[in-house]
Student: 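Starting off with a structure, shown below.
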Amino acid sequence: MDRSLPKEAAAEGGRFSGPAPEAVQAGLLAWYDRHRRRLPWRALPGETPDPYAVWLSEIMLQQTTVAAVKPYFEAFLARWPRVADLADAPLEEVLTAWAGLGYYARARNLHACAKAVTQRHGGRFPDSETELRDLPGIGPYTAAAIAAIAFDRPATPLDGNIERVTARLFAVTEPLPGVKPKLQALAATLTPAARPGDFAQAKMDLGATVCLPRTPKCLLCPLEALCSARAAGLADQLPRKAPKAPKPTRRGVAFWLTRPDGAVLLRRRPPKGLLGGMTELPSSDWTTEGPKEGAATAPAVVPWRALPGLVRHTFTHFHLELTVWVGRVQDWQDIDGFWVPLDGLGAAGLPSVMQKIAKHAIKAGG
DNA sequence: AAACCGTGGGG
DNA sequence: TCCCCAAGGTT
């Protein structure tokens with residue numbers, strides 16, 4: 001299993017046909033000292049990072065933009081200032097606070113990780129990649145990122161930004177995801193012994209602001225003279241990626257059921273899977289065939305009225321089209337779920353798709 | 001190992 | 001409108 005170095009490197013006795021690491025390190029760190037972004041979770045120069053804040057930000061930032069994360073990060077840190085506070089919180093409260101950020105398994109794992117750090121490590125995050133990797137929700141990227149950023153360990157995180165920067169620096173033309181181990185090995189040859197955390201963040205900042213996916217700003221890049229893809233005129237074509245599978249459309253019915261006092265029926269979803277553990281409006285199954293007997297899955301036997309229009313939403317691997325049915329009940333004692341007044345929906349922690357359903361129903365006068 | 005798992009912004 | 005993408009992990 002030779003995935004430590006590319007073949008051509010071994011053939012050259014360990015030398016890479018890429019830029020000199022010392023030049024990349026010096027150029028990128030100098031650029032970072034001038035252009036570093038001020039982010040809520042980022043320690044200022046000379047400050048000691050808080051591993052809890054670093055971990056929290058890294059989990060939130062998985063597949064999620066900086067702009068989306070900012071308000072959630074602030075809210076979580078204000079509400080649960082230390083990892084033990086988060087560990088003591090009920091999971092439902094964590095899920096409610098996470099609502100709208102997506103990938104809800106992250107919130108479940110966040111809570112489990114807080115408990116593990118509190119119980120297994122006495123409330124302090126471990127500083128080695130291996131121990132970090134053993135915690136829920138922490139994979140290869142996040143373990144390396146925390147080790148480097150929070151503990152200044154010479155680790156080599158490889159996220160989407162660093163994949164792109166590395167593929168271009170070395171002009172790697174094979175497609176992702178197959179080429180990822182090679183990119184990891186190439187990236188590791190660049191990691192400096194001094195300031196590895198800053199170096200990792202510098203690569204991510206460069207990828208986010210200069211070495212962009214579509215139209216890289218090579219004229220502004222501190223590594224332009226060192227970049228093999230730039231020299232070959234390939235920068236805007238790398239990294240190559242395998243084609244993605246098309247998304248099917250699933251259809252279903254969502255039920256907006258209200259009581260005489262105006263409260264609406266909500267439920268909690270099963271603990272795992274899509275939107276696992278989150279609050280929902282009751283609905284039929286979502287299938288590519290569409291609902292045959294919508295009434296059969298309704299939460300109550302009442303006269304249902306289908307609202308005009310559709311609620312559309314796109315998940316990671318399918319499109320969703322929902323019809324909304326509205327109904328009213330007089331007797332609700334045998335109905336499974338819980339009732340929330342309309343002015344309490346905002347605090348109920350609904351995922352975005354459920355917010356869309358509620359908005360559609362309220363606008364239509366449900 | 002390939003499938004599953006959210007959301008919002010930008011081109 | 002549609003596709004791409006974002007500090008990926010789990011099963």
Side-chain angles (χ1 to χ4, degrees), chain A residues 37 39-42 49 53-73 95 98-110 112-113 132-150 155-165 176-178 180-181 184 187 197 199-209 211-216 236 239-250 269-278 280 286 312-320 349-356:
Chain A
R37 291 190 290 173
L39 301 171
W41 45 85
R42 184 171 281 178
V54 172
W55 162 73
L56 179 61
S57 72
E58 288 299 340
I59 301 301
M60 288 185 167
L61 286 163
Q62 288 168 2
Q63 298 290 286
T64 308
T65 58
V66 165
V69 163
K70 273 180 179 171
Y72 287 86
F73 175 82
L95 291 174
W98 195 276
L101 198 55
Y103 284 137
Y104 298 98
R106 291 185 297 171
R108 304 195 298 269
N109 288 329
L110 186 84
C113 184
L132 287 163
R133 182 66 185 76
D134 283 336
L135 292 165
I138 298 183
Y141 162 76
T142 305
I146 295 173
I149 297 170
T156 307
L158 187 71
D159 74 329
N161 286 309
I162 299 177
E163 282 177 356
R164 187 168 60 253
V165 169
L176 287 166
K180 188 167 178 175
Q184 176 74 51
F199 185 71
Q201 294 178 90
K203 285 190 288 187
M204 290 189 272
D205 275 18
L206 189 77
T209 63
C211 196
L212 301 171
R214 310 280 196 155
T215 54
D236 62 352
R240 298 203 166 98
K241 298 191 176 182
K244 296 179 179 176
K247 292 180 181 178
T249 297
R250 299 183 189 174
R269 292 176 63 86
K272 293 183 179 178
L274 185 70
L275 307 175
M278 300 301 291
E280 68 168 354
W286 304 341
R312 298 175 187 277
H313 192 78
T314 297
F315 293 98
T316 307
H317 56 291
F318 65 93
H319 301 290
L320 179 64
L350 292 178
S352 292
V353 63
M354 301 298 161
Q355 297 262 25
K356 285 188 186 178

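Every chain is numbered from 1, with letters handed out A, B, ... down the list of sequences.
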Student: Using whole Å, what does the distance between atom P of nucleotide C:dG8 and atom CG of A:L132 come to?
Tutor: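 Nearest whole value for this atom pair: 17 Å.
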Student: Check this one for me: any side-chain N or O of A:R133 less than 4.0 Å away from OP1 or OP2 of C:dG9?
Tutor: no
Student: Could you check whether A:I138 gets within reach of a base, just the sugar-phosphate, or nothing at all, counting any heavy atom under 4.0 Å?
Tutor: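 Here A:I138 touches the backbone only, sparing every base.
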Student: Looking at C:dG8, C:dG9, C:dA6, which one has an atom nearest to any side-chain atom of A:P140?
Tutor: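 Comparing C:dG8, C:dG9, C:dA6 against the side chain of A:P140, the answer is C:dG9.
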Student: Which residues in residues 199-206 of chain A have a heavy atom closer than 4.0 Å to any atom of DNA chain B?
Tutor: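 Those residues whose heavy atoms fall under 4.0 Å from DNA chain B, taken from residues 199-206 of chain A, amount to none.
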Student: Rounded off to whole Å, could you give me the CG-to-C1' distance for the A:N109 and C:dT10 pair?
Tutor: 8 Å
Student: In whole angstrom, give me the gap between the P atoms of B:dA2 and C:dA7.
Tutor: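 After rounding to an integer number of Å, I get 24 Å for this pair.
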Student: Could you check how far NZ of A:K244 sits from P of C:dC3, rounded to whole Å?
Tutor: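 My rounded result for the distance is 11 Å.
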Student: NA contact type, A:L39, heavy-atom cut-off 4.0 Å: base, sugar-phosphate, or nothing?
Tutor: base
Student: Return the set of residues passing salt bridge (Lys or Arg N to Asp or Glu O under 4.0 Å) with A:E163 (not counting sequence neighbours), or none when no residue passes.
Tutor: A:K180
Student: Write down the distance separating the P atoms in B:dG6 and C:dT11, rounded off to the nearest Å.
Tutor: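 The answer is 14 Å between these two P atoms.
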Student: Could you tell me how far C:dA6 sits from B:dC4 if I compare only their P atoms? Round to whole Å.
Tutor: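 It works out to 22 Å between them.
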Student: First locate atom CE of A:M60, then atom OH of A:Y72, and finally report the distance between them rounded to the nearest 0.5 Å.
Tutor: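 With rounding to 0.5 Å, CE (A:M60) is 9.0 Å from OH (A:Y72).
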Student: A:L110 CG to C:dG8 C1': how many Å, rounded?
Tutor: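 Rounded to the whole Å, the gap is 14 Å.
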Student: Hey, does A:N161 have a side-chain heavy atom less than 4.5 Å from the side chain of A:K203?
Tutor: no
Student: Along nucleotides 4-11 of chain B, 5' to 3', which nucleotides get a B, which get an S, and which get a -, given that the test is a protein heavy-atom distance under 4.0 Å?
Tutor: SBBBS---
Student: Remember a base hit wins even if backbone is also touched, and classify A:W98 as base, sugar-phosphate or nothing at under 4.0 Å, heavy atoms.
Tutor: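 The residue A:W98 makes no contact with any strand.
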Student: Going from CZ on A:R106 to CG on A:L101, what distance comes out if it is rounded to the nearest 0.5 angstrom?
Tutor: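 Taking CZ in A:R106 and CG in A:L101, the distance rounds to 4.5 Å.
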Student: In the structure I gave you, are the side-chain heavy atoms of A:I59 and A:T142 within less than 4.5 Å of one another anywhere?
Tutor: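 A:I59 reaches A:T142 side chain to side chain.
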Student: Atom CG of A:L61 and atom P of C:dC5: how far apart are they, to the nearest Å?
Tutor: 19 Å
Student: Which whole number of Å gives the distance between the C1' atom of C:dT10 and that of B:dA1?
Tutor: 12 Å
Student: Could you tell me whether A:R312 atom CZ has more than 12 heavy atoms of other residues or ligands within 6.0 Å of it?
Tutor: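 At most 12 heavy atoms, drawn from other residues, nucleotides or ligands, come within 6.0 Å of this atom.
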Student: Run the side chain to side chain contact (heavy atoms under 4.5 Å, CB included) test on A:V353 and A:L275 for me, step by step, so that the C-alpha distance in whole Å, both residues' side-chain angles and the decisive distance to 0.1 Å come before the verdict.
Tutor: CA-CA 10 Å; A:V353 63; A:L275 307 175; 3.8 Å; yes
Student: Can you check the A:L135 CG to C:dG9 P distance for me, whole Å?
Tutor: 13 Å
Student: Taking CZ from A:R164 and C1' from C:dC5, how many angstroms apart are they, rounded to a whole number?
Tutor: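 Rounded to the whole Å, the gap is 9 Å.
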Student: Roughly how many Å is it from CG in A:L176 to P in C:dG8, rounded to a whole number?
Tutor: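 Rounded to the whole Å, the gap is 13 Å.
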Student: How about A:F315 and A:H317: are their ring centres within less than 6.0 Å of each other?
Tutor: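 No - the distance between ring centres of A:F315 and A:H317 does not fall below the 6.0 Å cut-off.
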Student: Under 4.0 Å between a side-chain N/O of A:K272 and OP1 or OP2 of C:dT11, yes or no?
Tutor: no
Student: State, with a plain yes or no, whether a side-chain heavy atom of A:W41 is found less than 4.5 Å away from one of A:K70.
Tutor: yes
Student: Any side-chain to backbone donor/acceptor pair from A:Q62 onto A:I138? Under 3.5 Å, distance only.
Tutor: no
